[in-house]
Asker: 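Quick one: the structure is below, and I'll ask about it shortly.
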Amino acid sequence: MKRFVTLTLAMLIAVSMLCVVPAGAEAKFQSRKIKILSIWDETDPSTNGYILNELSKEYAATVEGFELDYEFVSIENLDQKVTTLMASDDLPEICIYESGVRLKKVIESGQILDLDKTLTELGIRDSVDEGAASLLINLVDGVGLYDLPLGLNVEGFWYNKALFEKAGVTVPTTWDEFLAVCQKLKDAGIVPIAQGGKDKWPMTRVLNAYLVRHVGKDAVKDAMEGKTKWTDPAYVEAAQMFQDMAKNGYFVEGMTTIDPGTATSMLTGGQAAMQYNGSWITQSLALDTNQAGPDGIGFFNVPVDNDQSTLDDYSMNCGNIMMLSAKKYDEAVGDWMKYVLPRIGDYAMKNFGTFKGYKINEMPQNLPTYTKIVGDALSSAKGAFLWFEAKMDSETSTLAQDNIALLYSGEMTPEQYMTQLQTSSDKNRAA
C-alpha cells in the first residue's frame with residue numbers, strides 16, 4: 001500500500017503514524033460539563049460534529065461527571081456569534097470557527113490557547129499532522145498554532161462517472177476543455193454543475209477556481225495586500241467567467257436556494273454531473289445513501305487556463321477548525337483533549353475513510369476508492385492555494401459571499417462585484 005508522507009505546506013501533505021493514548025484510561029478527578037459552540041448536528045454522520053460527539057461519548061464512559069454541552073449556531077451567523085462572545089470575554093471552552101484573517105484577530109485578543117504550547121505540555125503535540133499544522137500556521141501568517149484541524153482537504157471537481165459516460169465526455173485538463181464538457185452535458189439534457197449556493201461559499205469557490213488558474217496562486221493575497229487590484233482586467237474576467245457559466249446554463253437552476261447536502265445528493269443521485277467541493281465530501285460518499293456506489297464518483301483538479309498554475313497545485317484547507325478558550329482551560333479540558341485528539345485520525349479513517357489532519361495509527365490495508373483518490377491528490381500536490389475568503393477581512397469576505405448571488409443572477413455586473421471588493425479591502429487596509 002502506498003505510504004503517505006507528511007511534508008511542509010508548499011510540498012506534499014499527507015499522513016504518517018502515531019501511537020495513541022491507551023483506550024480506557026481513566027481521569028484522576030471528577031470532570032465537569034464542557035461547552036462547545038458548534039455549527040453541526042452531532043447526530044449526522046456526514047459531519048465533523050458526529051466524530052467529536054462519538055469520541056466524547058467514549059470519553060464520558062471513562063470519566064465521572066463529564067458532559068459535552070452544545071450551543072448551535074448557523075455557519076452564516078458564526079462570525080457574529082464569536083465576535084459577540086469575544087466582546088464579553090466569554091468564549092466557550094471549545095469553539096468551532098474558521099482559520100485565516102478572522103482567527104488572527106481572535107489570537108490578537110489573547111482569548112484562545114497557544115496550542116503548540118498546550119499540546120506539548122499534554123504530551124500529544126504529535127497527534128496533529130505536521131502538514132495540517134503548517135497549513136494552519138501559514139493561514140495566520142506564521143503567528144503560531146492556535147487552532148486544531150477538522151480536515152486535511154484538497155478541493156476540486158467531483159463528477160458522476162455514469163453521467164460523463166452518458167454524455168460521451170472525459171475528464172478535462174484545460175479550462176477550455178472544461179467548458180466544452182459543460183456544454184456537451186447540457187446538450188445531453190444533463191445538469192452540468194450543482195453547487196450548494198444557499199450557503200454562498202460553494203459559489204465563490206467556483207469563481208476562485210478560475211481566478212487562481214487565470215491570475216495565479218496568490219491572486220487573493222496580492223489583491224488584499226494591494227499588490228494588485230480586484231478591479232484589474234484579469235480579476236474582472238474571472239467574475240465574468242462565473243457569470244457567463246450561469247448565463248450559459250452550466251449551473252443547476254435555482255442554485256442559490258440549494259444547500260450543500262442537497263447538491264451532493266444531486267451529484268450522487270444522477271441529477272447533476274459535477275460539483276466543486278472539498279475532500280470532506282468523502283464522509284458523505286462513504287455512507288450507504290450514496291446512490292452512485294463505492295466507485296461511481298470521480299475527482300479531477302481544477303483545469304488549467306494558462307501557465308499561472310499547474311495541475312500539481314491544489315486548493316487545500318483544514319476545514320472549519322477548533323479553538324479553545326484560554327480563560328476556561330483547565331485540567332478537565334486538557335484531559336478531554338488527551339483522550340479525543342489522538343483518536344480522531346483513526347476514527348475518521350476507520351469509519352469514513354477520511355483524513356482529518358491528525359496522525360493515523362492504523363491505516364487500513366484496503367482503502368476505499370474515495371480515500372485513495374484523496375490520498376493520491378495529497379501526495380501528488382506540489383503547491384497549494386487558498387479558498388476565496390481565506391485572506392479577506394470580515395467585511396470584504398461578507399461582501400464576496402453576499403454579492404455572489406447577485407453576480408450569479410446577473411443583477412450585478414462583474415465590474416460592480418470586483419469594485420465593491422476593492423473598495424472594502426482598501427478601507428480595511430487603511431484602518
Asker: In a check of side-chain contact (heavy atoms from CB on, under 4.5 Å) between Met322 and each of Asp147, Leu115, Ile96, which one passes?
Answerer: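 Per the side-chain contact (heavy atoms from CB on, under 4.5 Å) rule, the option paired with Met322 is Ile96, out of Asp147, Leu115, Ile96.
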Asker: Would you check if there is a donor-acceptor pair between the side chains of Trp336 and Ser56 at a distance under 3.5 Å?
Answerer: yes
Asker: Which residue in the set Ile193, Ile281, Asn290, Asn277 passes side-chain contact (heavy atoms from CB on, under 4.5 Å) when paired with Leu267?
Answerer: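 Checked Ile193, Ile281, Asn290, Asn277 against Leu267; only one passes side-chain contact (heavy atoms from CB on, under 4.5 Å): Ile281.
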Asker: Listed by chain and number, what are the salt bridge (Lys or Arg N to Asp or Glu O under 4.0 Å) partners of Asp41, not counting sequence neighbours?
Answerer: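 Result, salt bridge (Lys or Arg N to Asp or Glu O under 4.0 Å) vs Asp41: none returned.
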Asker: Check each of Tyr417, Phe251, Tyr276 against Phe242 using the ring-ring contact (aromatic ring centres under 6.0 Å, His included) test, and report the only one that passes.
Answerer: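 For Phe242, the ring-ring contact (aromatic ring centres under 6.0 Å, His included) test succeeds with only one of Tyr417, Phe251, Tyr276, which is Phe251.
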Asker: Hey, is Asp79 close enough to Arg102 for a salt bridge, meaning N to O under 4.0 Å?
Answerer: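 Yes.
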Asker: So, taking the atom named CG in Leu341 and the one named NZ in Lys359, what distance separates them when rounded to the nearest 0.5 Å?
Answerer: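 Reported value, rounded in 0.5 Å steps: 13.0 Å.
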Asker: Taking side-chain contact (heavy atoms from CB on, under 4.5 Å) as the test, write out the residues that go with Thr369, two or more places apart.
Answerer: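 Expected list: Asp295, Ile373.
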Asker: Under a 4.0 Å threshold between the charged nitrogen and the carboxylate oxygen, would Arg205 count as salt-bridged to Glu155?
Answerer: yes
Asker: Among pairs that include at least one residue of residues 387-402, which meet salt bridge (charged side-chain N to carboxylate O under 4.0 Å, His left out), considering only residues two or more places apart or in two chains?
Answerer: Asp141-Lys391, Lys200-Asp402, Glu395-Lys427
Asker: Does a side chain donor of either Ser309 or Arg213 reach within less than 3.5 Å of an acceptor in the other side chain?
Answerer: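 Yes, side-chain donor-acceptor contact under 3.5 Å.
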Asker: We want to know whether Tyr358 and Asp346 form a side-chain donor-acceptor pair, criterion being a heavy-atom distance below 3.5 angstrom.
Answerer: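 On atom types as modelled, these side chains do not qualify, holding no pair under 3.5 Å.
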Asker: If the condition is salt bridge (Lys or Arg N to Asp or Glu O under 4.0 Å), which residues does Asp259 pass it with, not counting sequence neighbours?
Answerer: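 Counting only residues at least two positions away or on another chain, Asp259 forms no salt bridge (Lys or Arg N to Asp or Glu O under 4.0 Å).
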Asker: Are Tyr59 and Asp335 close enough, and set up right, to give a side-chain hydrogen bond (donor to acceptor under 3.5 Å, both in side chains), and what steps lead you there?
Answerer: CA-CA 9 Å; Tyr59 174 68; Asp335 200 62; 2.6 Å; yes
Asker: For Ile137, which residues count as a side-chain contact (heavy atoms from CB on, under 4.5 Å) partner, sequence neighbours excluded?
Answerer: Leu145
Asker: Applying side chain to side chain donor-acceptor pair (under 3.5 Å), can you list everything that pairs with Asp218, at least two apart in sequence or on another chain?
Answerer: none
Asker: Assess whether atom CD of Glu165 is packed by more than 12 heavy atoms of other residues, nucleotides or ligands within 6.0 Å.
Answerer: no
Asker: For Glu237 and His214, which I'm curious about, is there any donor-acceptor pair between the side chains at under 3.5 Å?
Answerer: yes
Asker: Who passes side chain to side chain donor-acceptor pair (under 3.5 Å) against Ser265, sequence neighbours left out?
Answerer: none
Asker: With a 3.5 Å cut-off and no angle check, do the side chains of Gln275 and Tyr159 form a donor-acceptor pair?
Answerer: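 Result is no, nothing qualifies.
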Asker: Look up atom CE in Met349 and atom OG1 in Thr371, then write down how far apart they are to the nearest 0.5 Å.
Answerer: 5.5 Å
Asker: Enumerate the residue pairs fulfilling ring-ring contact (aromatic ring centres under 6.0 Å, His included) with a member in residues 362-401, sequence neighbours excluded, ordered by first and then second residue.
Answerer: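 Residue pairs passing ring-ring contact (aromatic ring centres under 6.0 Å, His included), neighbours aside: Trp230-Phe388.
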Asker: Restricting to side chain to side chain donor-acceptor pair (under 3.5 Å), what partner residues turn up for Thr228, sequence neighbours left out?
Answerer: Tyr235
Asker: Can you run down the ring-ring contact (aromatic ring centres under 6.0 Å, His included) pairs that involve residues 67-93, sequence neighbours left out, and say none if there aren't any?
Answerer: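 Listed once each, the pairs are Tyr70-Phe72.
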Asker: Please identify each residue that fulfils salt bridge (Lys or Arg N to Asp or Glu O under 4.0 Å) with Lys81, with sequence neighbours left out.
Answerer: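 Partners of Lys81 under the salt bridge (Lys or Arg N to Asp or Glu O under 4.0 Å) test: Glu71.
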Asker: If you measure from SG on Cys95 to CG on Leu78, what distance do you get to the nearest 0.5 Å?
Answerer: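 Answer for the SG-CG pair, Cys95 versus Leu78, is 6.0 Å.
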Asker: Checking Tyr250 now: which residues fulfil side chain to side chain donor-acceptor pair (under 3.5 Å) with it, not counting sequence neighbours?
Answerer: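 Tyr250 satisfies side chain to side chain donor-acceptor pair (under 3.5 Å) with Gln183 only.
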Asker: Donor-acceptor pair, distance only, cut-off 3.5 Å: does the side chain of Thr204 make one with the backbone of Trp201?
Answerer: yes
Asker: Does any donor atom in the side chain of Asp44 or Thr47 lie under 3.5 Å from an acceptor atom in the other side chain?
Answerer: no
Asker: Between atom CG of Asp330 and atom NZ of Lys328, what is the distance when rounded to the nearest 0.5 Å?
Answerer: 11.0 Å
